[in-house]
Amino acid sequence: GGVEIAGSAGRLGVTSVSGDVKLKPVGLEELSVNTVSGNVKLRLPLKADARVSFSTISGSLSGRRSFGSGKRELKVSTVSGSVETEG
């Protein structure tokens, strides 16, 4: 199934086999997302200071990869799915 998390402020790790992942953190410390079959939607807080590193076999990235000075690295990995970022 899918995963939806809103309001996290610390370290966050999410793993899903099948289903979309939607994340809306209020703060960033460390973020790691791994999914086999599903899209990832990451809505970052205002004034986020992060860069998104992602890998996918069959998918695409829409949105920005860098926010602010890119201080925090956010890792997103998917086998079959796309990654969308908003900030």
Side-chain angles (χ1 to χ4, degrees):
V3 176
E4 189 167 340
I5 299 174
S8 63
R11 184 177 175 178
L12 182 62
V14 177
T15 301
S16 173
V17 174
S18 177
D20 292 344
V21 175
K22 296 179 183 179
L23 304 174
K24 187 179 175 184
V26 296
L28 297 172
E29 187 171 318
E30 184 178 323
L31 176 72
S32 174
V33 180
N34 296 292
T35 181
V36 175
S37 176
N39 298 319
V40 177
K41 183 173 185 177
L42 179 58
R43 186 169 184 192
L44 299 174
L46 293 176
K47 299 184 182 182
D49 193 8
R51 69 184 179 285
V52 178
S53 75
F54 81 103
S55 64
T56 182
I57 292 174
S58 173
S60 63
L61 173 72
S62 63
R64 296 175 17 207
R65 289 183 77 164
S66 183
F67 299 84
S69 65
K71 181 179 178 181
R72 303 257 188 239
E73 182 179 11
L74 312 179
K75 298 178 182 180
V76 180
S77 175
T78 179
V79 174
S80 176
S82 295
V83 178
E84 178 183 347
T85 60
E86 296 178 1

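This structure is a prediction, so every number in the text was calculated from the model and none was measured. Only this structure's heavy atoms are used, side chains among them; waters, hydrogens and symmetry mates stay out.
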Any side-chain donor-acceptor pair under 3.5 Å between Glu84 and Ser62?
no
Where Thr78 and Gly81 come nearest, the two heavy atoms and their spacing:
CG2-O, 3.2 Å
Taking all atoms of both residues into account, what is the closest heavy-atom pair of Thr85 and Val52, and its distance?
CG2-CG2, 4.0 Å
Which atom of Thr56 lies closest to which atom of Val79, heavy atoms considered
OG1-O, 3.9 Å
Salt bridge between Glu29 and Arg11, side-chain N to carboxylate O under 4.0 Å?
no
Quick check against the 3.5 Å criterion: does Asn39 have a side-chain atom that pairs as donor or acceptor with the backbone of Ser82?
yes
Which heavy-atom pair separates Pro45 from Gly27 by the least distance, and what is that distance?
CG-N, 4.3 Å
Is the shortest side-chain heavy-atom distance between Ser69 and Asp49 below 4.5 Å?
yes
Ser53 (side chain) donor-acceptor with Lys75 (main chain) under 3.5 angstrom
no
Beyond-backbone contact of Leu28 with Leu44, side-chain heavy atoms, under 4.5 angstrom:
yes
Looking at Gly70, is its backbone amide N or carbonyl O close enough to the side chain of Arg51 to form a donor-acceptor pair, meaning the two atoms are under 3.5 Å apart?
yes
What I'd like to find out is whether the side chain of Leu12 reaches to under 4.5 Å of the side chain of Leu23, using heavy atoms alone.
yes
Minimum heavy-atom separation for Ser16 to Val21, with atom names?
CB-CG2, 4.0 Å
Would you call Glu86 and Lys41 a salt bridge, taking side-chain N to carboxylate O under 4.0 Å as the test?
yes
Has Asp20 got a side-chain atom pairing as donor or acceptor with Gly2's backbone, closer than 3.5 angstrom?
no
Under 4.5 Å between any side-chain heavy atoms of Phe54 and Arg65, yes or no?
yes
Inter-residue atom distance Arg43.CZ - Lys22.NZ, 0.5 Å rounding:
12.0 Å
Member of Val14, Val40, Asn34, Leu61 meeting the side-chain contact (heavy atoms from CB on, under 4.5 Å) criterion with Val76
Val40
Please determine whether residues Val17 and Val33 belong to a single hydrophobic cluster, defined as Ile, Leu, Val, Met, Phe, Trp and Tyr linked transitively by side-chain heavy-atom distances below 4.5 Å.
no
Taking the side chain as every heavy atom from C-beta outward, state whether Leu42 and Leu31 have any atom pair closer than 4.5 Å.
yes
